[in-house]
Amino acid sequence: MRHDVFITGFGGQGVLLAGNLLSLAAIAEGKNVSFFPAYGVEKRGGAAMCTVVIADGEVGSPVVGNPTVTIVLDQTSLDKFGARVKSGGTCIVNTSIISLENFRRADIEIIGVPMNELALGLGDARMVNMVALGSYIALTGAVRPESLAQALTKALPERNHRFIPANVQAMEAGARFLAEAGTAGTNDAVRAKTS
């Protein structure tokens, strides 16, 4: 078993928290994990990205040149990193703020999730990262939802533990969107191949 995911967006979208949370959940399940965060030099609103590799065996390198799954939270990130998705891989796109009009890849699956709308529907646009994670684990089964929920106690400072139920709801909303669209674990609905 091996899962690799590249998560990218801009500062403030919780990209690094999402990667850290996914890593902690996988570790709690006894899996080997590599978490490689990076961010741009801008003081505010710059690029943020991370790579997470989850495996039963050894993880050779934290660097993944062509990720199997990429989660893209903003347009600039899609424009910059969309070409890196491995052929046959999947790109999960935040269609709330990303246009797919100029993104042409016939060799990958593109899954559109209105992450901002789903987060706003729960009352907080800052939970876009949790919606994205919920969608990712519903699609891949990389970790169990309960492991992700439990990892929030380690990933968030204690003063923010009161937000854990809302974060879990956001993950559930992301997973539910894929399930209702007939996407979780299948090749339907919001999945699209572009040409």
Side-chain angles (χ1 to χ4, degrees), residues 1-9 11 13-40 47-73 77 80-94 107-111 113 115 127-158 160-161 163-164 167-168 170-175 178-179 183-187 191:
M1 183 279 301
R2 185 181 187 279
H3 295 277
D4 64 80
V5 59
F6 180 67
I7 309 171
T8 180
Q13 289 184 300
V15 168
L16 302 186
L17 174 60
N20 187 37
L21 184 59
L22 184 59
S23 300
L24 290 169
I27 290 168
E29 292 183 1
K31 297 170 181 166
N32 294 323
V33 180
S34 168
F35 170 53
F36 187 65
Y39 47 87
M49 64 213 78
C50 66
T51 303
V52 179
V53 180
I54 301 169
D56 285 334
E58 293 183 0
V59 177
S61 170
V63 178
V64 178
N66 299 104
T68 305
V69 179
T70 296
I71 300 171
V72 184
L73 301 183
S77 296
K80 187 172 182 180
F81 299 112
R84 288 181 46 188
V85 182
K86 181 188 218 175
S87 183
T90 303
C91 191
I92 303 172
V93 179
N94 180 6
D107 61 329
I108 65 170
E109 292 177 303
I110 299 170
I111 300 176
V113 179
M115 297 174 195
M127 292 190 295
V128 67
N129 58 343
M130 297 297 128
V131 172
L133 273 184
S135 299
Y136 171 72
I137 64 165
L139 182 73
T140 65
V143 296
R144 295 186 303 273
E146 56 271 22
S147 299
L148 209 52
Q150 290 166 4
L152 282 163
T153 60
K154 290 186 178 179
L156 295 176
E158 193 170 334
N160 291 336
H161 282 191
F163 300 119
I164 289 176
N167 280 278
V168 171
M171 288 183 233
E172 290 170 347
L178 263 63
T183 307
T186 68
N187 287 328
R191 286 189 184 210

Pick one: which of V64, V69, T70 meets side chain to side chain contact (heavy atoms under 4.5 Å, CB included) with D4?
V64

Is there a side-chain contact between V72 and C91 (heavy atoms, below 4.5 Å)?
yes

Would the distance check show the side chain of R2 and the main-chain N or O of G57 forming a donor-acceptor pair, the cut-off being under 3.5 Å?
no

Test log, rule side-chain contact (heavy atoms from CB on, under 4.5 Å), inputs M171 and L152:
CA-CA 11 Å; M171 288 183 233; L152 282 163; 3.5 Å; yes

Using every non-hydrogen atom in the two residues, find where V33 and A26 come nearest and quote the distance to one decimal.
CG2-CB, 3.4 Å

Using modelled atom types and a 3.5 Å cut-off, is there a donor and acceptor pairing between side-chain atoms of Q13 and backbone atoms of L73?
yes

Flag yes if more than 12 heavy atoms outside F36 fall under 6.0 Å of its CZ atom; otherwise flag no.
no

Closest heavy-atom pair, A151 versus A25, reported as atoms and distance to 0.1 Å, is CB-N, 3.8 Å

Enter the distance from F35:CZ to I7:CD1 here, rounded to the nearest 0.5 Å.
8.0 Å

State the CG-CG distance between L21 and L133, to the nearest 0.5 angstrom.
5.5 Å

For G88 against I108, the heavy-atom pair lying closest together:
N-CG2, 4.2 Å

Evaluate the side-chain proximity of M115 to I92: yes if any heavy-atom separation is below 4.5 Å, no if none is.
yes

Heavy atoms only: give me the nearest N129-A18 pair and the separation to one decimal.
CB-CB, 4.2 Å

How about T51 and S34: do any of their side-chain heavy atoms sit closer than 4.5 Å?
no

Is the shortest side-chain heavy-atom distance between L22 and H3 below 4.5 Å?
no

Do L148 and M130 have side chains that approach each other closer than 4.5 Å (heavy atoms only, starting at C-beta)?
no

To the nearest 0.5 angstrom, please state how far the CG atom of N32 sits from the CD1 atom of I54.
10.5 Å

What distance do L16 atom CG and C50 atom SG have between them, rounded to the nearest 0.5 Å?
5.5 Å

Donor-acceptor under 3.5 Å (N66 side chain, V85 main chain)
no

Kindly give the heavy-atom pair with the smallest separation between E29 and S147, and that separation in Å.
OE2-OG, 2.6 Å

Once rounded to the nearest 0.5 Å, what's the spacing between atom CD1 of I71 and atom OG of S77?
12.0 Å

For V52 and S23 the tightest heavy-atom approach is CG1-OG, 3.7 Å

Passes side-chain contact (heavy atoms from CB on, under 4.5 Å), N167 versus L156? Steps please.
CA-CA 11 Å; N167 280 278; L156 295 176; 4.2 Å; yes

Determine yes or no for a side-chain-to-main-chain donor-acceptor pair under 3.5 angstrom, with K31 supplying the side chain and V143 the backbone.
no

Is there a donor-acceptor pair closer than 3.5 Å between any side-chain N or O of S135 and the backbone N or O of G174?
yes

Any non-hydrogen side-chain atom of K154 less than 4.5 Å from a side-chain atom of I27?
no

